[in-house]
A.B. asks: 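Here it is: the structure, laid out below.
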2 protein chains.
Amino acid sequence: MNEPTKSPNRTPAGEALTDLILGLFRVNNLTLTWGDRLVAPLGLTSARWQILGAIVTAERLQPVAWLARDLGANRQNVQRIVNDLATEGLVRFEPNPHHRRAHLVVLTDKGQQTYDAAIGLYDPRVNSLAEGFPIEDLETAGRVMKALRKKFEGEEGAEEQS
Amino acid sequence: MNEPTKSPNRTPAGEALTDLILGLFRVNNLTLTWGDRLVAPLGLTSARWQILGAIVTAERLQPVAWLARDLGANRQNVQRIVNDLATEGLVRFEPNPHHRRAHLVVLTDKGQQTYDAAIGLYDPRVNSLAEGFPIEDLETAGRVMKALRKKFEGEEGAEEQS
DNA sequence: ACGATATTGACATTATGATGTCAATCAGGT
DNA sequence: ACCTGATTGACATCATAATGTCAATATCGT
């Protein structure tokens, strides 16, 4: 349809990556609003749902700051959302043996049920969304994301001053 | 490292897409902050840069609302940013032969120079970021994004009431 | 045990994005 | 020419994300 962004001193791979990034921005936004609508009946949002997911998939109980790092999100925003979730009874705090202030975040029964309900809504939708894609393509795209993430996070870590 | 989100009634393709989406969220955020830092010396942000890009790559001059739709962004926010850019002399408005209020957005010389400078900073960085990737993988990932976008936008269009 | 550094939650502020409304304007049909 | 509906920019409001600061606490080295 259109040749979005041409540039003389860009390698073919750089061109392909640029195209990928621009597409990625769009899909990110579309996915978020899609997710928002999907779980809105449960009183969730994409952000809340993501945080619940981080709690569920973590191998051990974690304080808020660790969840934030897992998600690559801001500590303060995660804190705010977790506090909201606690107010609504989806999560609660447990004492942390290793830290007096940094309480551990746990799903309540209601939180677990809500999360399960979200997954229940999500699964059939993502299945149908994935239909028609060669699974290797989805996996390739996933691997590219993981590799890009590593590269970015590597660059960030390399910020040092003499 | 970990098997993020398992679920019994999810197809293998759905599982792969889920993995892709979760990775996509992260890479989106990382890319945006990466871009913000990159063009900050020019007084730009990722968002401003994207809008300048939309103006540049559009085949014809467009009013703000069209740019917003091109970007898949909110009309009002794009309007606000474009107004800011106009205040700073990066873009200006030209009369629209077909509409008295919907002025056309044009890059000023300063705007063009700023955009070129951004590209000048970006190209070498994206080239090195793309190094090590098989170009077919990047292209596959790009195609997946485009296809997903189409699916989402197709779903949205199908919202009708009797 | 002590001191230096890092982490954490609370709080405050700002920046950005999302949503709703309104009047002006335009396009299409009659 | 008129009416209807859609588009557009302006404005207002709210929700969310980002950033900075602080005191409490923990960790590490000595």
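Heavy atoms only: backbone and side chains are in, while hydrogens, waters and symmetry mates are out. Lettering of chains follows the sequences in order, A, B, ..., and the numbering in each one begins at 1. Predicted model, so just to flag it, every value in this text is computed and none were measured.
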A.B. asks: Sequence neighbours left out, what passes salt bridge (charged side-chain N to carboxylate O under 4.0 Å, His left out) with A:Arg48? Give chain and number order.
C.D. replies: A:Glu88
A.B. asks: Can you measure B:Asn96 atom CG to D:dT7 atom C1' for me and round it to whole angstrom units?
C.D. replies: 12 Å
A.B. asks: Report the distance from atom CG of B:Leu32 to atom P of D:dA17, rounded to the nearest whole Å.
C.D. replies: 13 Å
A.B. asks: Which residues satisfy the side-chain hydrogen bond (donor to acceptor under 3.5 Å, both in side chains) test with B:Thr45, sequence neighbours excluded?
C.D. replies: none
A.B. asks: To the nearest 10°, let me know how far the axis at one end of the helix from C:dA1-D:dT30 to C:dT30-D:dA1 is tilted from the axis at the other, five pairs an end.
C.D. replies: 40°
A.B. asks: If you link I, L, V, M, F, W and Y whenever their side-chain heavy atoms are under 4.5 Å apart, who else ends up in the same group as A:Ile135?
C.D. replies: none
A.B. asks: With sequence neighbours excluded, give me every salt bridge (Lys or Arg N to Asp or Glu O under 4.0 Å) pair touching residues 114-136 of chain A.
C.D. replies: A:Asp123-B:Arg10, A:Arg125-B:Glu155
A.B. asks: Scan the side chains in residues 89-99 of chain A for donor-acceptor partners under 3.5 Å anywhere in the protein, sequence neighbours excluded, and list what turns up.
C.D. replies:
unit_1: A:Arg92; atom_1: NH1; unit_2: A:Glu94; atom_2: OE2; d: 2.8
unit_1: A:Asn96; atom_1: OD1; unit_2: A:His98; atom_2: N; d: 2.9
unit_1: A:Asn96; atom_1: ND2; unit_2: A:Ala102; atom_2: O; d: 2.9
unit_1: A:His99; atom_1: ND1; unit_2: A:Arg101; atom_2: N; d: 3.1
unit_1: A:His99; atom_1: ND1; unit_2: A:Ala102; atom_2: N; d: 3.0

A.B. asks: Measure the distance from NE2 on A:His98 to P on C:dT7 and round it to the nearest whole Å.
C.D. replies: 17 Å
A.B. asks: Contacts to DNA chain C from residues 61-70 of chain A, heavy-atom cutoff under 4.0 Å, which residues?
C.D. replies: A:Pro63, A:Val64, A:Ala65, A:Trp66, A:Arg69
A.B. asks: At under 4.0 Å between heavy atoms, which parts of nucleotides 10-18 of chain C does protein reach? Answer with one letter per nucleotide, 5' to 3': B base, S sugar-phosphate only, - none.
C.D. replies: BB----SBB
A.B. asks: Only counting residues at least two apart or in another chain, list the ones meeting salt bridge (charged side-chain N to carboxylate O under 4.0 Å, His left out) with A:Asp137.
C.D. replies: none
A.B. asks: So which pairs with a foot in residues 24-33 of chain B pass salt bridge (Lys or Arg N to Asp or Glu O under 4.0 Å), sequence neighbours left out?
C.D. replies: A:Glu153-B:Arg26
A.B. asks: Can you check whether B:Phe152 reaches A:Leu129 side chain to side chain, under 4.5 Å on heavy atoms?
C.D. replies: yes
A.B. asks: Which hydrophobic side chains are connected to A:Leu61, either touching it within the sub-4.5 Å cutoff or through other members that do?
C.D. replies: A:Leu104, A:Val106
A.B. asks: Starting at atom CG of B:Leu30, determine the distance to atom P of D:dA18, rounded to an integer number of angstrom.
C.D. replies: 11 Å
A.B. asks: Between the main-chain N or O of B:Leu32 and the side-chain N or O of B:Ser46, is there a donor-acceptor pair closer than 3.5 Å?
C.D. replies: yes
A.B. asks: Return the value, rounded to whole Å, for the distance between atom CG of B:Leu104 and atom P of C:dC26.
C.D. replies: 13 Å
A.B. asks: Show which side-chain atoms of residues 62-81 of chain A pair as donor or acceptor with protein atoms under 3.5 Å away, not counting sequence neighbours.
C.D. replies:
unit_1: A:Gln62; atom_1: NE2; unit_2: A:Asp70; atom_2: OD2; d: 3.4
unit_1: A:Gln79; atom_1: NE2; unit_2: A:Asn83; atom_2: OD1; d: 3.4

